[in-house]
Amino acid sequence: MDQYRKKIEQSLASAYPDTEIVFTEPPDPTMGDISIPCFTLAKTLRRNPSVIASDLAEVISKDPELHFVKKTENSGGYLNIFIDKPLLVKDIITAILSQGPAYGSSSSGRSARAIVEHTSINPNASPHVGRARNALIGDCIVRLLRFEGYEVEVHYFVNDIGKQIAMLLLGAMQKSGHPDPAISSCRSGLPGSPDFSVNSEGSGGKNIRFEDLLDIYVAINKKAAEDPDIEKQVFSLLYALENGDSQIRGSFRTLVNTCIDGQSAIFEKLGIKYDVFDYESDYIYKGTAAAVLEMLRQTGKLEEDEEGRLALNQSEYSLPLKAPYLVLTRKDKTSLYPLRDIAYTMDKIRSAPDMNIVVLGEDQKLYFRQIAAALDLLGYKAPEPVHYSFVLLAEGKMATRKGNVVLLEDFMNEAVSKATAEIRKRRDCSDPAAASAIGFGAVKYAILRASNDKNVTFDWDSALSFEGESGPYLQYSLARINSIFKRSGEVLQADPEKIDYAVLSDPLEIELAKEAAAFPSAVRSALKSYSPHIIAGYVYGLTKKFSVFYHECPVLNAESDELRMARLCLIEAVRQVILNCFGLLGIEPVDIM
RNA sequence: GUCCCAGUGGCCUAAUGGAUAAGGCGGCAGAUUCCGGAUCUGCUGAUGCGGGUUCGAUUCCUGCCUGGGACGCCA
């Protein structure tokens, strides 16, 4: 459709220079394939829209280049254009089949380097479905960029330092039977305090399992709320960590890696992979955080408050803050998260200056503007943030530290066991591979279908629905296409170029082909706004049209051989586009469901 | 208090300022001698409230209401 629009645009441009032609699609296919609203033109040209439409029609009919235009209709200020159907269908199908897996890509990446940072969950527990939204959106963006030809490196920022992780470590030490006296003797927070590492032999950490972390984390947070001593112990741990206590450092790293391994195993099941794990603590050990602090000091905007904390004055950036400061250190000059984040982000920018994306929850919106301002002060162009809203529960918000969450893993397990049951119901057998693909497909679709900035209320029933607009519906449609080819016993011997597409005259066939042809523009708009839901919605629309076609237009039992071949080509093209969408969403095809 | 995001049938979701607001779930009524009924067909039913801009507003501006998020010592 794009190429037709372009040609029409060129043709009209010579007749109407300096006016922009806007194209839309008529609400009903019987009204045409392309439409030009003439109202804005009417205003600039000071003529009736209907007259303008007639004029445009005149120009179009006289241009031999526009032979593909079958007819035009003037409809209340809109000029509706009908494309020659056999030509249209042929163009669509041959384009899809010749480009195959690359169909829909405009290769805008051209091997340029890109970094996408996503997930970056605190390594304190198994991820809940809210965190999963970050990973799924991020992963889809990665897939879109790769589809467009970018050389993408996926980064995960491991927040392995800070109060919450120290809290978890403390909880782990207590849980693993670490003697309390050793902990209390550390309260002074002085370097050289007695050993309370958990990774050396004999003391706990090793036997802490990923599955236990959430309980430990919840328990210690509860305890801390009652006992102020806990916080003091936490700060001593942090002090020791920042000041190079290698055993403490080892304890942190062991615990954090237990968590990261557990988390990435879960995400890997969903097809989400990371290229680089960046450890936040390294920015302290390597001295980069300190170096950045020094750079900021050079700008003259770093101020020390009466308590001794260092904060960046951001008043010139007019951020909607109560006080325009970004606090970078505690009063003991240990770093706060923003400082480490700035140092880290600078690394990423140096590595991929042109395409640098970070996926962040909406709670980070203002914070990220502060980071961007700090980077700007240092002459760095901040990454492009992609924000998303939180997943809520019917009973309220999710909070890891309170323990009222739906874990992604539980969601995945429920979905897979439901898929297993459904398969047994239909085929009376077990098929673990298909069950996983179906269950995980349902999980991904359920999370990706809503636009990023919309709150999602998680509800088990609808999240686990395998009917209607769902992942399994998509896979089912594809399985049906595959099934037709399996039964046909022949793989398209005919050259798609030589098929007579004029036999595809049913409106359902033409609509299906046109829907398939809308894929490239869906990719463009998904990428433009970093919105996976556009792809999700698009592929659902395509499979929906296929289902209708499937019921009305028999392929294998078509009235004639010509029609049969043409329909086979059509569904082969549809299959290709569905597969390309699956590649973008990370949903696996299933042959037999 | 200030700032950001969202408000669409009973529930969930869609719609580059364009024509009759598109789907899913639920409910009701149907479809299988014929390529897979995880499907399809029909019915039911919606733009929070008030102004404004526009030939035209779910979309832009503005006031209010509701929900989510944020606003130097968490990350």
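Lettering follows sequence order; numbering is per chain, from 1.
Within 90° of 0 lies the glycosidic angle of B/G72, which makes this nucleotide syn.
Of all nucleotides listed (B/C5, B/A75, B/A38), B/C5 comes nearest to the side chain of A/Asp453.
Here A/Cys553 lies in heavy-atom contact (under 4.0 Å) with a base. Nucleic acid contact class of A/Ile161 (heavy atoms, under 4.0 Å, all strands): sugar-phosphate only. A/Ile423 comes within 4.0 angstrom of a base, heavy atoms only. Among the atoms of the strands shown, only primed sugar atoms or phosphate atoms (P, OP1, OP2) are found under 4.0 Å from some heavy atom of A/Gly162. At the heavy-atom level, A/Ala479 lies under 4.0 Å from base atoms of the strands shown. Residue contacts for A/Val548: at a heavy-atom cut-off of 4.0 Å it reaches the sugar-phosphate backbone alone, with no base atom in range. A/Asp332 comes within 4.0 angstrom of nothing in the nucleic acid, heavy atoms only.
Between A/His155 and A/Tyr344, the two ring planes are tilted [angle within 30° to 60°]. Using cut-offs of 30° and 60° on the angle between ring planes, the pair A/Tyr78 and A/Phe39 is perpendicular. The aromatic rings of A/Phe546 and A/Tyr550 sit tilted, their planes meeting at an angle between 30° and 60°.
Nucleotide B/C35 holds its P atom 11 Å from the OH atom of A/Tyr476, rounded to whole Å. In this structure, OH of A/Tyr550 is placed 14 Å from P of B/U41, rounded to the nearest angstrom. Atom CG of A/Asn221 and atom P of B/A75 are 13 Å apart (whole Å). As rounded to whole Å, 12 Å separates atom C1' of B/G36 from atom CG of A/Leu556. At whole-Å resolution of the value, OH in A/Tyr283 and C1' in B/A75 are 16 Å apart. Counting to the nearest Å, the P atom of B/C74 and the CD atom of A/Glu280 are 14 Å from each other. Atom-to-atom, CZ of A/Phe549 to C1' of B/G36 comes out at 15 Å; the value is rounded to the nearest Å. Look at CZ on A/Arg131: it is 10 Å from C1' on B/A75, rounded to the nearest Å.
Rounded to whole Å, the P atom of B/U8 lies 39 Å from the corresponding atom of B/U32. Comparing the P positions of B/U54 and B/G42 gives an interatomic distance of 41 Å, to the nearest angstrom. Comparing B/C55 with B/U62, their C1' atoms sit 23 Å apart, to the nearest whole Å. Between the C1' atoms of B/C4 and B/U41, the separation comes to 45 Å (whole Å). Annotation: B/C11 and B/U47 have their P atoms spaced 12 Å apart (nearest Å). The separation of B/C25 from B/G18, taken at their C1' atoms, amounts to 30 Å, rounded to a whole angstrom. Nucleotides B/G9 and B/U16 have their C1' atoms positioned 26 Å apart, rounded to a whole Å. Across the P atoms, B/A31 and B/G23 are found 23 Å apart, a figure rounded to whole Å.
Take A/Asn48 and apply the side-chain contact (heavy atoms from CB on, under 4.5 Å) test, not counting sequence neighbours, and it matches A/Ser50, A/Val51. By the side-chain contact (heavy atoms from CB on, under 4.5 Å) test, A/Pro507 is found to be paired with no residue, residues two or more places apart in sequence or in another chain being considered. Residues meeting the side-chain contact (heavy atoms from CB on, under 4.5 Å) test with A/Arg5, sequence neighbours left out: A/Met1, A/Phe23, A/Ile34. The side-chain contact (heavy atoms from CB on, under 4.5 Å) check on A/Ser560 picks up A/Glu562, A/Leu563, with sequence neighbours excluded.
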For this session: Please assess A/Phe485 against A/Ile571 for the test side chain to side chain contact (heavy atoms under 4.5 Å, CB included), listing each intermediate value before the final yes or no.
Result: CA-CA 9 Å; A/Phe485 279 108; A/Ile571 64 169; 3.8 Å; yes
Problem set entry | CA sep, side-chain torsions, deciding dist, call: A/Phe519, A/Val539, side chain to side chain contact (heavy atoms under 4.5 Å, CB included) | CA-CA 8 Å; A/Phe519 179 53; A/Val539 67; over 6 Å; no
For this session: Before giving the answer on side chain to side chain donor-acceptor pair (under 3.5 Å), spell out for A/Arg253 and A/Ser281 the whole-Å C-alpha distance, their side-chain angles and the decisive distance to 0.1 Å.
Result: CA-CA 9 Å; A/Arg253 193 54 68 97; A/Ser281 60; 3.2 Å; yes
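Taking a pair as Watson-Crick or G-U wobble with both distances under 3.5 Å, RNA chain B forms stems of 3 or more consecutive pairs at B:1-7 with B:65-71, B:10-13 with B:22-25, B:26-31 with B:39-44, B:48-52 with B:60-64.
The phosphate of B/A14 has OP1 or OP2 within less than 4.0 Å of a side-chain N or O from A/Lys454. Put simply, A/Arg487 has a side-chain N or O that comes within less than 4.0 Å of OP1 or OP2 on B/G36.
Within the structure, salt bridge (charged side-chain N to carboxylate O under 4.0 Å, His left out) contacts touching residues 21-30 of chain A (residues at least two apart or in different chains) do not occur. Pairs of residues two or more places apart, or lying in two chains, that qualify as salt bridge (charged side-chain N to carboxylate O under 4.0 Å, His left out) and include a residue from residues 521-540 of chain A are A/Asp2-A/Arg524. Sorted by first and then second residue, the ring-ring contact (aromatic ring centres under 6.0 Å, His included) pairs with a member in residues 420-455 of chain A form an empty list; sequence neighbours excluded.
Side-chain rings of A/Tyr540 and A/Tyr473 approach one another, their centers coming within less than 6.0 Å.
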Seminar exercise, completed: Letter by letter from the 5' end, nucleotides 15-26 of chain B scores (B base, S sugar-phosphate only, - none; protein heavy atoms under 4.0 Å) SB-BB---BSS-
Exercise. For every nucleotide of nucleotides 66-72 of chain B, 5' to 3': is a protein heavy atom under 4.0 Å from its base (B), only from its sugar-phosphate (S), or from neither (-)?
Worked result: --BSSBB
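When each of A/Pro472 and A/Lys43 is assigned the nucleotide of RNA chain B with its nearest heavy atom, A/Pro472 is the one assigned upstream, toward the 5' end. Of the residues near RNA chain B, A/Leu238 and A/Ser547, the one whose nearest nucleotide (by heavy atom distance) lies more toward the 5' end is A/Ser547.
By the 6.0 Å and 45° rule, A/Lys163 does not stack over the aromatic ring of A/Phe235.
The backbone N or O of A/Met593 sits less than 3.5 Å from a side-chain atom of A/Arg427, completing a donor-acceptor pair.
Checked by distance alone, A/Arg340 brings no side-chain donor or acceptor within 3.5 Å of a matching partner on the base of B/A75.
For the residue pair A/Asn122 / A/Gln164, no side-chain donor-acceptor distance below 3.5 Å is found, with atom types taken as modelled. Between the side chains of A/Glu242 and A/Ser335, at least one donor N or O sits under 3.5 Å from an acceptor N or O.
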Enumerate the protein-to-nucleotides 32-34 of chain B contacts in which both atoms are nitrogen or oxygen and the separation is below 3.5 Å.
from: B/C34; atom 1: O2'; to: A/Asn557; atom 2: ND2; distance (Å): 3.2

Between protein and nucleotides 47-49 of chain B, what N or O pairs are separated by less than 3.5 Å?
none

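Residue A/Lys331 qualifies as open at atom NZ: its count of foreign heavy atoms under 6.0 Å is 12 or below.
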